[in-house]
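What follows is one structure encoded as structure tokens, with my remarks underneath.
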Amino acid sequence: MLRYIVRRLALSVPTLLGITFVTFLISHALPADMAIANLGDHAAQDPQLVAAFREKWGLDRPLPIQYLVYLGHLVRGDLGTSITTEQPVGVELALSLPATVELATASMILAIIVGGLLGVVAGVRSDSPIDVVIRTVMAAGVALPTFWFAILLLFVFYFGLGWAPPPGQLDPGLAPGRPITGMYAVDSLLERNWPVFWNALAHLVLPAIVLATIGVGFIGRITRATVLDVLRTDYVRTARAKGLAERRVVWRHVVRNALIPVITVIGLLYAQLMAGTVLTESIFSWPGLGRYAYSSAGNLDFPAVMGVALVVGIFYVAINLAVDVLYAYINPRIRYD
Amino acid sequence: MTNLDLIGSRVELRAVAEMRQAVRARRAWRTVGVLISVLVVAVWAALALAAPVVAPFGYDDQRVDESLQPPSARHLFGTDNLGRDVFTRVVYGGRVTLLIGVGVVLVGSVVGMMIGTISGYLGGAVDEAIMRSTEVIMAFPSIILAMAIAVALGPGIVHAAMAMVLVWWPGYARLARGEVLSIRHLEYVDAAVAIGQLPWRILVREILPNVRSSIIVLATVDLGSAIVTAAGLSFLGLGAVPPTPEWGAMVNMGRELPAAWWIAGFPGLAIFSTVLAFNFLGDAVRDVLDPRHHT
């Protein structure tokens with residue numbers, strides 16, 4: 001197992017390098033002019049200002065050199081400086097990452113619970129009317145454009161009924177308290193700061209529901225398919241033959257085995273959630289990676305965009321590795337060597 | 001035949017009858033779903049094609065005195081804050097959104113199929129290099145990468161579509177490569193080599209036809225997500241530029257106007273219904289063309 005982990009870690013290095021190379025190509029080889037984007041049209045008329053800008057950010061050097069310089073900084077843990085805010089990208093990412101992790105994790109838990117339940121019910125009652133209803137709901141969840149759903153929820157539950165708090169991570173009057181993990185709900189829970197905790201949780205509900213809809217259909221379909229497979233296995237027939245109640249057969253034998261494949265798709269699901277955060281976060285003013293990616297991309301702030309891409313890439317590789325290891329641990333039939 | 005056997009065969013018969021009924025019910029539901037989906041897609045496509053004839057107004061006709069009107073007989077989907085008819089804009093918007101979605105899948109699948117087929121057929125270092133680059137591109141969430149490319153190219157429909165194609169082809173390339181690897185050493189390919197066929201002729205005559213059907217399956221399943229992504233890019237302001245009507249951009253316009261829900265509501269409904277219909281059709285096509293896949 002240890003050898004497997006080491007080999008996977010080594011194999012992930014070229015992938016990560018490739019990720020930096022792709023983002024570098026996009027930000028440097030495509031015809032966008034960062035000087036115009038950052039200086040504004042007026043200052044960009046002045047060749048001296050433009051030249052000074054290009055020199056300051058090293059844009060006047062050959063592309064391969066620029067890439068090597070970037071990598072050199074990267075190896076030392078320096079992700080560069082944001083052109084728009086002049087702050088270190090690493091610091092800004094560290095500030096926005098917890099918000100995204102909090103949101104993505106909350107919606108993933110929600111998606112696993114709801115999607116898993118729907119999938120089990122649909123699988124056990126396959127081809128019944130309730131199966132058809134659940135499958136229609138799940139298909140709708142997959143097809144729902146996140147940004148539209150987010151806006152509808154805000155219209156109804158914030159503007160209309162006034163049940164949900166305004167967009168943002170916390171009400172303006174509240175202070176998040178001392179950062180421990182940087183996730184407001186978790187930190188306030190650890191500090192037993194109940195007003196902040198409930199407020200943070202309330203702010204989390206709508207964006208988490210929006211993000212979770214992507215995963216509900218995804219997990220529900222897989223769970224349903226595996227439940228159908230498990231129901232056909234010999235051990236389920238044995239369990240029924242020895243006279244176990246159907247409820248017990250389902251919970252003890254079917255559900256436990258049907259949920260194993262779900263673990264393998266968590267990595268994939270996290271990928272989809274990360275993509276969903278760009279739209280969801282910008283609608284709910286959620287100060288996470290997605291909103292950071294969007295705003296820095298709008299400013300053609302290439303160190304920031306590369307930083308986001310890199311962090312997301314590392315996340316991917318790490319999660320997929322963790323999932324594979326976890327899978328081997330849970331399912332003793334799988335051995336990596 | 002003993003009594004026990006008789007009972008056994010009766011039980012079996014009943015089980016078979018029940019199974020047949022379940023299959024029939026499933027087919028019936030599927031047929032209903034397919035019919036509705038075809039209808040939805042056909043209606044949106046027809047409206048988009050016939051937009052200049054169907055639309056009651058011009059898509060940029062601003063009547064300030066009629067702004068923010070709720071749906072009525074005169075304005076079926078209401079009017080936006082500039083007094084433009086939302087129904088007209090939804091009808092015209094379908095042209096842009098559907099064209100980008102279908103265009104990206106079409107170009108992406110053809111490009112991906114060619115790259116993947118060549119990669120699988122040549123093998124060796126070329127194959128290795130191509131497969132590694134597809135892995136890297138697929139390690140990004142597609143919209144984040146498409147967003148970065150679209151930003152670098154500057155907003156615009158063509159740029160958004162180009163950005164999406166750059167992100168879209170690897171899935172097809174990998175699929176095509178896998179298919180090529182599984183058939184390139186089959187006897188009929190060896191036979192073509194033996195009778196001295198030229199490599200490109202073997203590719204076109206013997207290999208491509210076998211790759212095509214799985215590519216078509218993936219493309220139909222993929223159409224829905226291409227449309228959502230295209231609309232999402234426009235929603236973020238990276239696709240269609242005002243005053244061009246586009247479904248995603250229209251939803252964005254209405255997001256600050258909760259009292260005028262119809263501005264964001266109807267274009268969003270258009271995206272939702274189209275994607276739902278395409279997803280359903282995609283599943284149906286996969287069930288028919290790909291017997292290995294069962295749901």
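Any value given below was found using the heavy atoms of this structure, including those in side chains, with hydrogens, waters and symmetry copies removed. Throughout, protein chains are lettered first and strands after them, A, B, ... in sequence-line order, and every chain is numbered starting at 1.
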Spacing of CD1 belonging to A/Ile151 relative to CG belonging to B/Leu257, to within rounding of 0.5 Å: 10.5 Å

Part of B/Met138 within contact of chain A (heavy atom distance under 4.5 Å): backbone

CD1 (A/Ile130) with more than 12 external heavy atoms under 6.0 Å: no

Residue pair B/Val228 / A/Phe147: nearest heavy atoms and the distance that separates them: O-CE2, 4.3 Å

Residue pair B/Leu236 / A/Ser282, side-chain heavy-atom distance below 4.5 Å: yes

Heavy-atom pairs under 4.5 Å with chain A, option from B/Ala277, B/Gly265, B/Gly248, B/Gly254 with the top count: B/Gly265

Atom group of B/Phe235 that falls short of 4.5 Å from chain A, counting heavy atoms: side chain

Ion pair B/Asp283/A/Arg135, N-O distance below 4.0 Å: no

Spacing of A/Trp148 atom CH2 and B/Arg255 atom CZ [to the nearest 0.5 Å]: 16.0 Å

Residue A/Tyr67 excluded, over 12 heavy atoms near OH under 6.0 Å: yes

Best-contacting candidate, A/Val308, A/Ile19, A/Leu279, against chain B by heavy atom pairs under 4.5 angstrom: A/Ile19

Over 12 foreign heavy atoms within 6.0 Å of CZ, B/Arg132: yes

Region of B/Leu269 that comes under 4.5 Å of a non-hydrogen atom in chain A: both

Side-chain donor or acceptor of B/Trp261 paired with backbone N/O of A/Phe155 under 3.5 Å: no

Minimum heavy-atom distance A/Thr15-B/Val136, with the two atoms named: O-CG2, 4.1 Å

Nearest heavy-atom neighbours spanning B/Gly268 and A/Pro145: O-CG, 4.4 Å

Top contributor to chain B interface from A/Ala139, A/Ala140, A/Pro14 [non-hydrogen pairs under 4.5 Å]: A/Ala140

Engaged part of A/Leu144 at the chain B interface, taking heavy atoms whose separation is under 4.5 Å: both

Side chain, backbone, both or neither of A/Ile283 within contact of chain B (heavy atoms, under 4.5 Å): both

